[in-house]
Amino acid sequence: MRIGEYISMVRAHWIALTVFCLVGGAAAIALVSATTPLYTARVEVVVVTSSGDTANELVQSYDFSQKQVRTFSALVTRPIVLDPVISELDLEASPEDLAKQISVSSPLNTSLISIDVEDPSAEEAADVANATAQNLALVVGDLVPDLESGDSSVTLETVRPAVVPEVPSSPKTLLWIALGLVGGAVAGVTYIALREIVDTRVRDLHGVTAVVDAPVLGSVAHERRVPRHPLLDDPSTSNQRAEAFRQIRTNLTFLEVANERVLLPITSSVPGEGKSTTAANIAQSLAAGGSRVVLVEADLRRPALGPLLGLESMAGLTTVLAARAELDDVIQHWGTTSLDIVLAGERPPNPSELLGSDAMLKLLGKLSKRYDKVVIDCPPLVPVTDAAVIARACGGAVLVAGAGRVKRADLQQAVSNLKSVGAPIIGVVANDLAPKNVSTYAYAYDASGAMDDTALPTSRDAEEPAVTPMRADSEPIVDPAEGTAFSRK
């Protein structure tokens, strides 16, 4: 994964990451609270040897004292030093247990010995440290040889006695909390990464464009009221959902700058991505913009527009294709705009054959002459081949990607199915996105009237969509051998 993908992943799951960090910090605080605080007292002693009268004797004396530091440091944790300490302070610990509380160090190239004593009691830590230094000096005095004068050749002198520490040395609260936060963050990133690996559903626009190399026509945010009210109440209103479909309408217009496209098949990868609702709302928005629009329900296996629009669905597309009715007999007007509907009709036993028949191609040609836009609600691409057949006949299709519903593999399969029949993707609509993941693209005018040209993003900076144009003022010509409808002046 690229760094940008990790950043996008963290941004998409920042709430979970924050929760993991807080849990890690809370666990660290709980651990600090449950841990007995320890206090550390330090005493420092210096090794002093008898000095000579000459410079050579002084150097030898200094070297000798440094060599003895290592030996004397090892004596600190031996019973010969600690037994008197235990007796003097009336401690209950054994020499071995007391030795675990003591650490000894010596700065390099010095004759200093630092003795640190760690204990739950600050006073006892200071007492043990001072007593240990005193008994170490006595033991050293007994072990080293005396001079001719009777004085000891080596003595230990305390240069800094231990004082009672005011704050505990352990646990280090701030450090532990910081480590808890970092640990929580690491656990959170691991969880998110594993979730992304296991759960391959596409959840945002970035996930869509990573698979589909086509212009992004728009992003439609999830709204709780959509399952109960899937259609726009009024396409001219200024709510977020209506604005999203107006944006799709505008972006379709920009795709048609060179050649106006009449046939607009709408499909998806798998069922449940909202392609029928999207097709109905796109048709409604186009009609609200002044175009003559017909919405054709070509999903003959699971038709849903009848109940969605509140129209009678007994007669429709299959009736016309079976030559049991004329086109005008099944067209139903809907709403207050110039929007007509052709529903699926009765469910046939051979939907793929009907949609790929000469009769379907002729019907599409007839509709493209009568209307400015023919929006076709097609079946999903992965389960059946119906949508690929229609997309090939129309020179491409609009692909709806339902966030949280379609998996990357299914989206890749849908793209592959269209590519295999030579049908390009006109554009992609990211549907049902979380509001935080919706990218808003709009044309904005500044005070000088200049246009901010950011309306039509593409996944890989495609300069021009590869589509087969069909103009409204052209006469469709049907080639039954190829099964393709195209236009020619």
Side-chain angles (χ1 to χ4, degrees), residues 212 262-280 282-283 294-306 308 313 315-323 327 330 341-368 374-402 405-406 410-429 431 468 470 476 478-486:
V212 184
V262 178
L263 300 176
L264 293 174
I266 311 293
T267 185
S268 63
S269 303
V270 294
E273 296 186 70
K275 51 93 182 171
S276 295
T277 301
T278 301
I282 288 177
V294 62
L295 174 60
V296 180
E297 185 175 33
D299 190 347
L300 306 183
R301 301 173 188 269
R302 296 179 60 182
L305 289 180
L308 188 67
S313 58
L317 179 61
T318 56
T319 314
V320 176
L321 297 179
L327 177 61
V330 299
I341 310 293
V342 176
L343 296 179
E346 297 181 2
R347 299 187 184 183
N350 56 342
S352 295
E353 289 77 6
L354 278 179
L355 295 175
S357 65
D358 294 344
M360 181 65 180
L361 295 176
K362 293 177 180 179
L363 177 62
L364 292 177
K366 185 181 295 185
L367 291 173
S368 64
V374 181
V375 180
I376 308 169
D377 175 25
C378 301
L381 285 160
V382 173
V384 293
T385 61
D386 304 4
V389 171
I390 298 174
R392 182 175 185 271
C394 298
V398 173
L399 183 62
V400 177
R405 296 182 180 273
V406 62
D410 291 330
L411 196 56
Q412 291 170 346
Q413 184 62 51
V415 173
S416 177
N417 289 353
L418 288 175
K419 185 176 181 180
S420 65
V421 298
I425 299 176
I426 301 170
V428 60
V429 175
N431 187 43
T468 303
M470 180 174 288
V478 179
D479 185 351
E482 295 293 333
T484 305
F486 54 95

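- Between the CD1 atom of I266 and the OG1 atom of T277 there is a distance of 12.0 Å, given to the nearest 0.5 Å.
- Shown here for P265 and A391, the closest heavy-atom pair between the two residues is CG-CA, 4.5 Å.
- With values rounded to the nearest 0.5 angstrom, L295 atom CG is found 4.5 Å from I341 atom CD1.
- L411 is listed as a side-chain neighbour of L399, based on a closest heavy-atom distance under 4.5 Å.
- Between R301 and P348, every side-chain heavy-atom pair lies at or beyond the 4.5 Å cut-off.
- Taking all atoms of both residues into account, the shortest heavy-atom contact from L263 to S368 is CD2-CB, 4.3 Å.
- S313 and G306 make their closest contact through CB-CA, 4.5 Å (heavy atoms, listed as atom of the first residue, atom of the second, distance).
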Could you list the donor-acceptor pairs under 3.5 angstrom formed by side chains in residues 267-275, with sequence neighbours left out?
from: T267; atom 1: OG1; to: P379; atom 2: O; distance (Å): 2.7
from: S268; atom 1: OG; to: V270; atom 2: O; distance (Å): 3.1
from: E273; atom 1: OE1; to: G402; atom 2: N; distance (Å): 2.7
from: E273; atom 1: OE2; to: S269; atom 2: N; distance (Å): 2.9
from: E273; atom 1: OE2; to: V270; atom 2: N; distance (Å): 2.8
from: K275; atom 1: NZ; to: D299; atom 2: OD2; distance (Å): 2.7
from: K275; atom 1: NZ; to: D377; atom 2: OD1; distance (Å): 3.0
from: K275; atom 1: NZ; to: C378; atom 2: O; distance (Å): 2.8

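- Closest approach of D410 to V382, counting heavy atoms only: O-CG2, 3.5 Å.
- The side-chain hydrogen bond (donor to acceptor under 3.5 Å, both in side chains) search around Q412 returns none, not counting sequence neighbours.
- Contact check for V415 versus N417: no side-chain heavy atoms found under the 4.5 Å cut-off.
- The structure places CD1 of I425 at 10.5 Å from NZ of K419, a figure rounded to the nearest 0.5 Å.
- A search for side-chain hydrogen bond (donor to acceptor under 3.5 Å, both in side chains) contacts involving S420 returns nothing, not counting sequence neighbours.
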Q.
Walk me through whether L418 and L381 qualify under side-chain contact (heavy atoms from CB on, under 4.5 Å).
A. CA-CA 8 Å; L418 288 175; L381 285 160; 3.7 Å; yes
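- Shown here for G316 and V342, the closest heavy-atom pair between the two residues is C-CG1, 4.4 Å.
- Of the possible polar contacts, none joining the T319 side chain to the G345 backbone as a donor-acceptor pair under 3.5 Å is found.
- Atom-to-atom distance recorded for L321:CG and E353:CD is 12.5 Å, nearest 0.5 angstrom.
- Among all heavy-atom pairs drawn from L308 and S276, the shortest one is CD2-O, 4.4 Å.
- Rounding to the nearest 0.5 angstrom, the gap separating the CG atom in L367 from the CG atom in L363 is 4.5 Å.
- Put simply, the residue from L355, L264, L364, V398 that forms a side-chain contact (heavy atoms from CB on, under 4.5 Å) with I376 is L364.
- Between the side chain of S416 and the main chain of Q413, no donor-acceptor pair closer than 3.5 Å is present.
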Q: Go through D386 and L300 one step at a time and tell me if the side-chain contact (heavy atoms from CB on, under 4.5 Å) criterion holds.
A: CA-CA 9 Å; D386 304 4; L300 306 183; 5.6 Å; no
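- Judged by distance alone, the side chain of E297 and the main-chain N or O of L317 form no donor-acceptor pair under 3.5 Å.
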